[in-house]
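This report concerns only the one structure given below.
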Amino acid sequence: MSTLIFDSLNEAQSLAVKAPLGHQLILAGAGSGKTRVLTYRIAWLVHAEKVSPANILAVTFTNKAASEMRHRIESLLGTSAKAMWIGTFHNLCHRILRNHWREAGLSEHFQILDSDDQYRLLRRLILSLNIDEDKFPPKEAQWFINAQKDQGLESSQVPSHGNTIQQKWIMIYAAYEEACQRAGLVDFADLLMKVNKLWKTHSNILAHYQDRFRFLLVDEFQDTNAQQYDWVRQIAGSQGYITIVGDDDQSIYGWRGAQVENLERFRRDFPQVSLIRLEQNYRSSGTILKAANALIANNQSRFGKNLWTTQGEGEKITVYAAFNEFDEAHFIANRIREHQARDVCLSNMAILYRSNAQSRVLEETLIHYGIAYRIYGGLRFFERSEIKDTLAYLRLIANPEDDAAMERIINVPTRGIGDSTQALLREHAKQHQLPLWQAAEQMLAQKLVPSRTASGLTHFLETIQTLRTDIHNLSLHESVQHVVYNSGLIEHYRKEKGEKGISRIENLEELINAAKEFENEMEASDVGQLMSPSPLSAFLSYSALEAGESQAGLSQDSVQLMTLHSAKGLEFNTVFLAGCEEGLFPHYLSQENPEKLEEERRLCYVGITRAMQKLYMSYAEARQLYGKNTHNRPSRFLKEIPGEYLDGIRIKTKVSLPESAVSKSDQKTAAGLRVGQQVTHRQFGEGVILQQEGQGDRARLQIRFARVGIKWLIASYVDQG
DNA sequence: TTTGAACGTTTTTTT
DNA sequence: AACGTTCAAA
């Protein structure tokens, strides 16, 4: 490796990369090359400071970012970086817990509970505790428990303040804790909490990690929570060198316990932190950057920084006032075609939105236009119910004490084990302090179940046992395949009518493939997650930790659709920021609370700064939201951007013609009416056509009337205005 | 116990 | 609109 590569850095970057050993806080604005700085810093440590890669630990926000970083480092160094630990907090903690399960008080076969599993478990517990489900909804219990865990509090440590409601929550938490412990289950927050506790109770283990990882680098520090902060502080000890990178303006995970204050706290807790600001932006045009700066300046609580660029002004930001979400989608699709014609490849364009629900109309329109797209988020692969059912079979096979898994599949497919039988089982299990599995065996042996259900239950137990012996000598993917085909799940889904059943079966096939790929990767990376007691166990953990970044068809050139949250860290030539309306963005649940509103603004900042050359922002005057027609004002964020950076339709304009609708001749009806046109109606008065269904005289038109709102009418009853 | 239909409710972001 | 829950009938 030549030192020449380090010459390509700017002054601030170079300062950060070549800094003498010590603690560093790098405040890195959007597009300032922070990933570059991190990877180069690591390369510098290895190359110039002669640090062994085995002594380096890097924490990233997503699994994807981790593997990207590994690649970059390897290509910089020209060697494998296997000895280096790079991963998310959750991933690294998982690895540590697999190494020290005994000391952490876990079962060797512990499995990870994802948030859906957690919800189901809580719901069941609340029911069995005879607590009113309406007063203590599982969702809130989940929220409560996760919030406590993020603070590092076990159920016994949560103060009740003599508050009876709080006591109930604590009671639920305690029951949940016990259930997890008994079944060998660990949730996301546990991964961190258990490692923190492990380190506090076993100083030798902590010392081992402190000794090994003298060089710590943490990305996206503004999105760390209290537990993660504690984790970093512990492993650093008094010997470690920490580099943290963050941007307070891009803190968008406050709602799940992230604390921006951690940036400030770091500076207080660690002496002699050198602070470096990266303020030169290499990504966006001057206009886009200035717009972003102007927007974020409306936030009160920030470190304060100003991004600048040497790039030219570039094009203005196009704001489009759509009539409704369909018009918005058409507009976007047309623009995508234009850019495509100008040689911007599809994968360099992204449509960003606030909530996943917005994706449907966009998807449908893109399909209509024949534009390839790839969608992130929504239901991820490993979260689909058919996949989770299969995984539950595998989990129960691997660990008969996994009650959550057993609950899930005991009657899937239906085998006559209904609610009452299940209640009976639970009761027996509770009284004898047994896992459900053993409770079932006992009850059958003691003939405590009616004969008809007994046969169903026996059949279930036998199925699982047979599967267990069957797959004993099979490889991972063969095991998965065997379970898919012999558990009865395939037949079960085949019976399901419509396309749903078909796609489920396809997904199950895909699961077998995923197992195969996982196998290959394990072999290639020799160590990897091999700490797990078995390949199956490793695969199960993987499925919970990485819910499915890997999706079909990712090699094809396609437009990227995702929420603003998942766009963090990415960049695109052209960005469409859709749904810039009050109530949608900022979301109405955040409108009242100033802090939440600032987070929404940061989210908008993140969205804007994803764009390199061209940004479109659009809003719809009318939109179907939650099954109702809504009329929302343009987002306040649009108004916070100075008009000089904006182009196109003025924001306050009441009516403007959607060009996409006009240009399409097939939108015309026999009466010569078209979308966007002003019309009058004898009874309802003046209005604007929003949408059309059908052709000719029998066409139905959706019209927004000034006086009476939106109505669907037959074309022949409308006069052109 | 299972099934289907009617009913009512609920809408953010995710490692 | 989409989902989950509840209720009644088989």
Side-chain angles (χ1 to χ4, degrees), chain A residues 59-66 87-94 112-116 118-120 123 127 133-134 137-139 142-143 146 149-150 187-192 219-220 223-225 227-228 251-258 325 352-361 376-380 382-383 385 411-424 450 452-453 455-457 495-497 544-549 562-569 579 583-591 593 596 599-600 602-604 606-607 623-630:
Chain A
V59 188
T60 59
F61 193 68
T62 63
N63 292 303
K64 199 173 143 211
T88 61
F89 280 107
H90 295 94
N91 238 315
L92 297 168
C93 286
H94 175 235
I112 300 167
L113 222 50
D114 75 6
S115 93
D116 180 57
Q118 189 187 37
Y119 175 84
R120 286 162 168 264
R123 207 180 95 121
L127 227 59
E133 210 182 345
D134 293 329
K139 267 250 167 70
Q142 211 178 354
W143 188 88
N146 290 335
K149 290 191 174 189
D150 284 346
D187 63 31
F188 284 138
D190 274 341
L191 291 170
L192 275 145
D219 197 5
E220 309 280 13
D223 286 324
T224 53
N225 64 29
Q227 280 292 286
Q228 292 165 338
S251 146
I252 53 175
Y253 284 94
W255 51 274
R256 73 169 201 215
E325 67 270 39
L352 310 181
Y353 36 78
R354 175 68 236 266
S355 60
N356 279 311
Q358 286 168 258
S359 71
R360 175 161 288 165
V361 173
Y376 292 74
L379 243 203
R380 292 218 235 344
F382 285 109
E383 290 169 356
S385 67
N411 204 27
V412 180
T414 48
R415 39 174 85 84
I417 310 174
D419 287 344
S420 48
T421 311
Q422 288 181 42
L424 225 59
R452 190 146 55 95
T453 40
S455 73
L457 196 54
K495 270 186 249 158
E496 199 171 350
K497 51 192 176 290
L545 243 31
E546 189 156 2
E549 288 295 292
M562 67 190 85
T563 63
L564 287 154
H565 281 91
S566 37
K568 194 174 73 161
L584 196 60
F585 188 33
H587 197 272
Y588 74 96
L589 291 173
S590 303
Q591 275 173 329
N593 179 330
K596 286 186 174 177
E599 183 153 315
E600 296 275 326
R602 290 194 291 269
L603 202 49
C604 188
V606 167
R623 179 187 295 274
Q624 297 262 31
L625 219 49
Y626 315 130
K628 274 207 305 272
N629 261 318
T630 52

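Below, chains carry the letters A, B, ... as their sequence lines are ordered, and counting in each starts from 1.
Note on A/R380: every side-chain N or O is 4.0 Å or more away from OP1 and OP2 of B/dT14. Look at A/N356 and you'll find a side-chain N or O under 4.0 angstrom from OP1 or OP2 of B/dT13. Of the side-chain N and O atoms in A/S590, none sit less than 4.0 angstrom from OP1 or OP2 of B/dT12.
Nearest approach of A/A544 to A/F188, heavy atoms of both residues: O-CZ, 3.6 Å. Residues A/G87 and A/L92 approach most closely at O-CD1, 3.8 Å, considering heavy atoms. Here the closest heavy-atom approach between residue A/L191 and residue A/L545 is recorded as CD1-CD1, 3.9 Å.
With rounding to the nearest 0.5 angstrom, the CG atom of A/N411 is 6.0 Å from the CD1 atom of A/I417. Atom CZ of A/R623 sits about 11.5 Å away from atom CG of A/N629, to the nearest 0.5 Å. Once rounded to the nearest 0.5 Å, the distance linking CG of A/N146 with CD of A/Q118 reads 4.5 Å. Atom CD of A/E600 and atom NE2 of A/H587 lie 7.5 Å apart (nearest 0.5 Å).
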Heavy-atom contacts, protein to nucleotides 1-10 of chain C, under 4.0 Å, summarised as B (base), S (sugar-phosphate only) or - (none) per nt, yield SS--S-----

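Residue A/Q142 contributes atom CD, which lies 15 Å from atom C1' of B/dT12 at whole-angstrom precision. In this structure, A/H587 places its NE2 atom 5 Å from P of B/dT12, rounding to the nearest Å. Atom-to-atom, CZ of A/F61 to C1' of B/dT13 comes out at 10 Å; the value is rounded to the nearest Å. Atom CG in A/L564 sits about 11 Å away from atom P in B/dT13, given to the nearest Å. Taking atom CG of residue A/L192 and atom C1' of nucleotide B/dT14, one finds them 14 Å apart after rounding to whole Å. To the nearest angstrom, P of B/dT14 lies 10 Å from CD of A/E383. Atom-to-atom, NZ of A/K139 to C1' of B/dT11 comes out at 9 Å; the value is rounded to the nearest Å. Between the CZ atom of A/R354 and the P atom of B/dT13 there is a distance of 7 Å, rounded to whole Å.
In this structure, A/E599 pairs ionically with A/R602, as a charged nitrogen and a carboxylate oxygen lie closer than 4.0 Å.
In summary, the aromatic rings of A/W255 and A/H565 are positioned with their centroids under 6.0 Å apart.
By the criterion of a centre-to-centre distance under 5.5 Å and near-parallel planes under 30°, the ring of A/W255 forms a stack with the base of B/dT13.
With C1' as the reference atom, B/dT12 and C/dT5 are 23 Å apart, rounded to whole Å.
Judged by distance alone with a 3.5 Å cut-off, no donor-acceptor contact links the side chain of A/R256 to the base of B/dT13.
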Between N or O atoms, less than 3.5 Å apart, protein on one side and nucleotides 1-6 of chain B on the other: list the pairs.
| unit_1 | atom_1 | unit_2 | atom_2 | d |
| --- | --- | --- | --- | --- |
| B/dT1 | OP1 | A/S420 | OG | 2.6 |
| B/dT1 | OP1 | A/T421 | OG1 | 3.0 |
| B/dT1 | OP2 | A/S420 | OG | 2.5 |
| B/dT2 | OP1 | A/G416 | N | 2.5 |
| B/dT2 | OP2 | A/N411 | ND2 | 3.2 |

